Amino acid sequence: MLLTILGTGSGGPFLGRNFTSQILRAGNDLFLLDCGEGTQMQLFRLGVRYDRLRHIFISHLHGDHVFGLVGLLTSFSLKNRTAPLALYSPPGLRELVETTFRVCGVRLSYRLDFNEVEADVSSRVFENAGLEVWTVPLRHRVPCTGWLFREKPRPRHMRGEMIEVYSIPYEKIPALKAGADLTLPDGRVIPNRELTTPSDPPRAYAFCSDTAFSEAVADMVRGVDLLYHEATFTSDEEEEAAFSFHSTAGQAAEIARRAGVGRLLLGHFSGRYQDLEQHLREARAVFDAADLAEEGGHYEV
Ligand SMILES: [Zn+2]
Ligand SMILES: [Zn+2]
């Protein structure tokens, strides 16, 4: 999986930062996470092939996460898109989109599928051959959910030379990759470990957009390879963070530490900070493998 950051800002406008949005690429699939104002400009600027986009996940209905969606959906239509598009969000998105389309007279050239999910329980909301997506209930002023992308276990690797040694027919290979032993025509059984090497471990990415510090989040994102966690404030604004149901950089790092994640990316920075060095310092004091998300940056999961 490869994550591309489109925006790291929050709240009002700030020169040099875009509103929250990210692209996660997993195999041939592209997933858009949140769609703040200006997201389609960022997609365009970064050359993302967004005709391949089939799924959009919206964490909550605050404007800095969703006000770019209606524009993006309309632009797809102007380009005569025909592929259906699935939307995942807490309740209310259908009303927002359909009302705007009705008032503005927008008729789409493609089908839109709304999947409004409960934001206060962890459940699986999407699955394909390669991965699953789970909700991660967050603590915010309105129903808000993060998204956990978890790859499914992958097949073991076949040892090419063994195919020749035992004249293994092609149709038997999927079962061997799944872990089966091989029975030869003379009745001998060759154990799987002689024929294959272990599969690559499945990877996981968690996106936690807007949330106050919540221990429950750490439980849900335990062990993920990459965690994006909002870090709107620094520690001197801890009261304001609690009041507005946001986190400080140190709190984001504490979640990463408790959850034992591989790496932490911080984002959703308040416009009051020109410079983000203190965010980084505070986070690294708690969890070493922390970085500031950079717009246009690519992060391997
Ligand atoms: Zn926000
Ligand atoms: Zn919010």
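Source: prediction; values computed, not measured. As the structure lists them, so they are numbered: ligands from 1, and atoms in each ligand from 1.
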Return the name of the atom in D64, of element N, O or S, nearest to the Zn ion (ligand 1). OD2
Between the Zn ion (ligand 1) and H268, which N, O or S atom of the residue is the nearest one? NE2
Any N/O/S atom from H60 (main chain or side chain) under 2.8 Å of the Zn ion (ligand 1)? no
Presence of salt bridge, R54 and D29, under 4.0 angstrom: no
Of the backbone and side-chain N, O or S atoms of D210, does one lie nearer to the Zn ion (ligand 1) than 2.8 Å? yes
Look at the N, O or S atoms of H246, main chain and side chain alike, and state whether any lies under 2.8 Å from the Zn ion (ligand 2). no
C144 near the Zn ion (ligand 2): N/O/S under 2.8 Å: no
How about R159: does its CZ atom have over 12 heavy atoms from other parts shown lying under 6.0 Å from it? yes
For the rings on F31 and F149, is their centre-to-centre separation under 6.0 Å? yes
Using a strict 4.0 Å threshold on nitrogen-to-oxygen distance, state whether E254 and R258 make a salt bridge. yes
Thinking salt bridges, do E295 and R17 make one under a 4.0 Å N-O criterion? no
Aromatic plane relationship, Y273 with H279 - under 30° parallel, 30 to 60° tilted, over 60° perpendicular: perpendicular
Minimum-distance N/O/S atom that H140 presents toward the Zn ion (ligand 2): NE2
For the Zn ion (ligand 2), find the closest N/O/S atom on H62 and give its atom name. ND1
